[in-house]
Each structure stands twice: as structure tokens, then as C-alpha cells.
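First the structure, in the form of C-alpha cells, and then the observations on it.
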Amino acid sequence: MTAMTWRRTAIPCLAVALLLTACSDEDPGKDAGQEVQIVAGGGNTPNATKALDLALTGRPSDLDIGADGTIRLLVTENNRVSIWVIKPDGSAHRILVTRGITSAAELAVAKDGTLYISHSDGSAGMVSRIETSGDAVRVVGDGKAGATADGSAALGPASTITGITVDAQGNLVYGELRHFTAQHQEIALLRRVSAGRVETLAGTPEPFPSPQKFSDAMLASVAPPEGTKSLEWPLPGILQLRSLATGEDGTIYAAAEGGVLAFSADGTVRSVARRRDPSTAPLGERPFAREGDAADAFPQFITDTGVTVDRGYVAMPVELQPAENRTHIPAGFRWKGQYTPGQTAIIDSSVTMFDGQPVQKVVRLAQPDGSVTTAGWPVSTAAIGGGGLYLLITAQDGRSLIGRVSLPT
């Protein structure tokens, strides 16, 4: 090869090589991060009337998002229950619940804005309607532990109640956990209040004859065969029905033992997410990447969180123990946006608390096509509604922040 030939060949190749090198140097990390719009928190005023001026403190128990984007956050602080209401226009106000209720498990909101909370006194379960003044009006339970038969008044004895929702007809629906002390078993029932009377929608009320049968039934409870009748499917285990949500078509979704169940209006139950083979659905490197089937997600819900649904998506705030080399939060999940110093401090503190820890807290979505994806990492809780995913994170000093991202179209 002559010198002239070499030059003609090498110069274009060198130019291409330099161009590729420049591109590769510029691309890594360029788009890393998740665009998150802060909608509440990061301020310094505990009772601010503007959401972005709020100093959100206390222990969050539930997060609810209305169809119009209204946020309702159930919080317990210093033995006082309150509900923060944050409107889409950025205004905020707090409803202080009467002092007779010192803790609450879950919040349910009817289409007309009526608020309900579940609470307990020992193993006696109750549900109260919360007026705008904060006064509580009992609608389920009389404060005594026990069982109320179908057709009887809802204001009778009841066992532990955590999960609550409002169905498509405006009726209160709740999960009641029966305690069979002699057998060391807990059996859940899905129940509805209609015209002040209670009826069972799902579950069987009897204990199992042996510990082994109870254990086997608990493991199988998240995988009912197709066409299974809800009233013929037992719901054993202490984590059954701890959280409930109602879909647009009236289907009631429930957090279960290692999964999510859906109770349809036709009286059947099906699985939404379960523990078939969790190794085939690992956490992804970026939000909304398809990670496998929801049947393999094995959702283990974070304490004081629950299931929410919107437009075919099912949100599951869960705890995971990823492989040792996956304990660091990927760059794709780091929040990015225009934030105040107060907001940035909470974001950084939340990441510091979890990055590299053996247990990670994320929100995974069961998607309309049956797949699962990770949508936020880390989170203290999360909920979906109005076409958005709302992420709540908490700093080491207890201050919280709520951010919003859009659901995939």
C-alpha cells in the first residue's frame, strides 16, 4: 500500500473513530434519572395552606389519589390521626381526627369525597366515617372483638380490620381477620356493608383441621384456579386483605399473602401478582422497563402501605432483598428536576438511608399486559390515580416529600 492510499483510507476512518468516541463520552449518564415533579413537602411550615410550603411529618399510614388528582395522606403523629388533603391547584388543608382514635390503618374515599378510616382496639376492628370537622362516626364494629353474622347490623362485634375500600355502588367494603386462638390460625373474610347490614363477599369462615393444611392453603391462596368462586376460596394468613382498592370496573383488589388478588363483580377471584418464580422477575435498571411476569413478582408489601389501582395498573409498594450486587439504587431511578434546597435535602437523605442496604423499598407495577415493572426506588409508600404515580419518600429526620410521575401511555 502506498503512502497516498494509506492516507485516503486512514483519515476517514480516523474521523469516524473520533466521532464515535465523542458520542460514547457524551452519552453515559446523560439522561440518567427520573423526572419527578414535587407536589407536596419540602417546606418549613407544619400547617401551611400551600402544599409546597408544608413540612410533612409523622408516620404515613395510607396514601390515596383521587381521579382528579387530589391527594389524601393518612398520618399518625403523637397519638393523633390526621388526613392531609392536597388539591391539584396546590392548596392543602389538614383534617384532625377526633382524639378518641389514636391510630388508623387505612383510608378509603368514596366518589363523593366521603372519608373512611379503619382502626382497632386490640383485636376489635372498627371503621369510622370522618366528617370534614374531624368528627368520627362509627359505621362498622361496636368496639368488641367477635364475629357478626351475615345479615346482621354492621355495628356489631368485629375482629381486626385493616383493608377498606368503597365499591362502585358506594358501599363500604372491608377485610376482617378472624382469630382462631386454639388453632393458631387467622382466616380473612371480604365483607360489604349495605343499608347498615353486613354480608360476606369472599373467603370461608372456618379454620383448617391441621397446621399443615393451613400452611398449604396459605401458600396456595394467591393462585386460585380460573373461574374460582370467591365465597369458596379460603383466605388464610395474617397478611390477607390488609389493603383493598376498587378498580374502574368495580373489581376489588386486595393485598394477600405474597400476592395480589382481584375479586370480580361476577363473584369469581383471580390472581394479579404472586410468587411463582421470583428469580425470573428481577429489578430493572430504569423505571417502567419490563422485568418479567407479575405472576413472578412475589410482592411483600411495606408495612403501612397498600395496593392501589388506576387504568389497569396495580401499584405495589414492596420490600425486596435483591442480590448483593443489586443493593445500590440505579442511576435511572434518581430523582431529577428543579428542586428547592429543602426538597433536595429530603431526596438525598432518603437515598442515603437505603443505598447499599440489604433490604430495598420500591414500588412495582403490575401492568395491563400482565407484566411487572419497577416504577420508583426508593419509596416509603406510593399510590396511583388520575393517570399519575405518586411517590412518598422520607428523610432520616422524619420529613416527607411527595412527587409525581406520569404513568406510561
Side-chain angles (χ1 to χ4, degrees), residues 39-41 43 45-121 125-143 154-155 161-174 192-196 243-246 304 306 308 310 381 383-386 388 390 392 400 402 404:
V39 293
T45 308
N47 292 302
T49 57
K50 292 183 178 180
L52 294 177
D53 293 336
L54 275 174
L56 280 175
T57 58
R59 177 176 60 84
S61 300
D62 199 14
L63 179 64
D64 180 273
I65 312 300
D68 65 348
T70 296
I71 302 167
R72 295 175 178 89
L73 177 65
L74 181 65
V75 174
T76 302
E77 186 173 19
N78 299 323
N79 292 323
R80 193 75 190 269
V81 174
S82 61
I83 302 169
W84 275 107
V85 180
I86 300 164
K87 298 286 188 177
D89 64 4
S91 63
H93 70 274
R94 180 166 61 172
I95 299 172
L96 283 170
V97 176
T98 181
R99 291 186 178 275
I101 299 174
T102 58
S103 65
E106 193 165 46
L107 170 71
V109 185
K111 289 182 179 179
D112 64 0
T114 302
L115 303 175
Y116 299 92
I117 61 171
S118 59
H119 52 105
S120 298
D121 182 2
M126 292 163 278
V127 180
S128 293
R129 184 179 71 248
I130 305 301
E131 308 291 352
T132 55
S133 63
D135 291 339
V137 179
R138 188 88 54 81
V139 294
V140 175
D142 62 0
L155 288 169
I161 297 172
T162 52
I164 57 174
T165 188
V166 178
D167 70 11
Q169 290 72 44
N171 299 310
L172 177 70
V173 177
Y174 63 94
R192 175 171 61 198
V193 178
S194 180
S243 173
L244 303 175
T246 301
D304 294 329
T308 54
D310 184 49
T381 188
I384 52 178
Y390 294 76
L392 186 147
S400 294
I402 301 175
R404 183 189 186 280

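All values below come from the heavy atoms of this structure, side chains included, with hydrogens, waters and symmetry mates left out. Positions are given from 1 along the sequence.
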Name each donor-acceptor pair under 3.5 Å that joins a side chain in residues 78-86 to protein atoms two or more places apart or in another chain, with its distance.
{"from": "Arg80", "atom 1": "NE", "to": "Val97", "atom 2": "O", "distance (Å)": "2.9"}
{"from": "Arg80", "atom 1": "NH2", "to": "Val97", "atom 2": "O", "distance (Å)": "3.3"}

Using residues 127-136 as the side-chain source, report each donor-acceptor pair under 3.5 Å to any protein atom, sequence neighbours left out, with the distance given to one decimal.
{"from": "Ser128", "atom 1": "OG", "to": "His119", "atom 2": "NE2", "distance (Å)": "2.8"}
{"from": "Arg129", "atom 1": "NE", "to": "Glu131", "atom 2": "OE2", "distance (Å)": "3.3"}
{"from": "Arg129", "atom 1": "NH2", "to": "Glu131", "atom 2": "OE2", "distance (Å)": "3.2"}
{"from": "Ser133", "atom 1": "OG", "to": "Asp135", "atom 2": "N", "distance (Å)": "3.4"}
{"from": "Ser133", "atom 1": "OG", "to": "Asp135", "atom 2": "OD2", "distance (Å)": "3.2"}

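For the atom pair CD1 (Ile101) and CE (Met126), the distance works out to 7.5 Å, reported to the nearest 0.5 Å. Atoms OG1 and CG, on Thr70 and Asp89 in that order, are 8.5 Å from each other to the nearest 0.5 Å. Distance check: Leu52 CG to Thr45 OG1 gives 11.5 Å after rounding to the nearest 0.5 Å.
Residues Pro60 and Leu74 form no side-chain contact, since every pair of their non-hydrogen atoms from C-beta on lies 4.5 Å or further apart. Side-chain contact between Glu106 and Thr162 is absent, with no heavy-atom pair separated by less than 4.5 Å. Two residues are said to be in side-chain contact when any heavy atoms from C-beta on lie closer than 4.5 Å; Leu392 and Leu56 fail this criterion. Taking 4.5 Å as the limit, every side-chain heavy atom of Ile164 sits out of range of all side-chain heavy atoms of Val140. Side chains of Val193 and Val139 form no contact here, defined as non-hydrogen atoms less than 4.5 Å apart.
Judged by distance alone, with hydrogens and angles left aside, the side-chain atoms of Thr308 form a donor-acceptor pair with the main-chain N or O of Ile384 at under 3.5 Å. Within the 3.5 Å criterion, the main-chain N or O of Leu107 finds a donor-acceptor partner in the side chain of Asp62.
In this structure, Ser243 and Gly306 approach most closely via the heavy-atom pair OG-CA, 3.1 Å. The two atoms that bring Gly385 and Ile65 nearest to each other are O-CG2, 3.6 Å, heavy atoms only. Counting all heavy atoms, side chain and backbone alike, Tyr390 lies closest to Leu63 at O-CD2, 4.0 Å. Ser103 and Thr76 get closest at one heavy-atom pair: CA-OG1, 4.1 Å. Of all the heavy atoms in Ala92 and Leu54, the pair that sits closest is CB-CD1, 4.0 Å.
Heavy atoms of other residues, nucleotides or ligands lying less than 6.0 angstrom from CZ of Arg138 number more than 12.
Thr165 and Thr246 share a side-chain donor-acceptor pair at under 3.5 Å.
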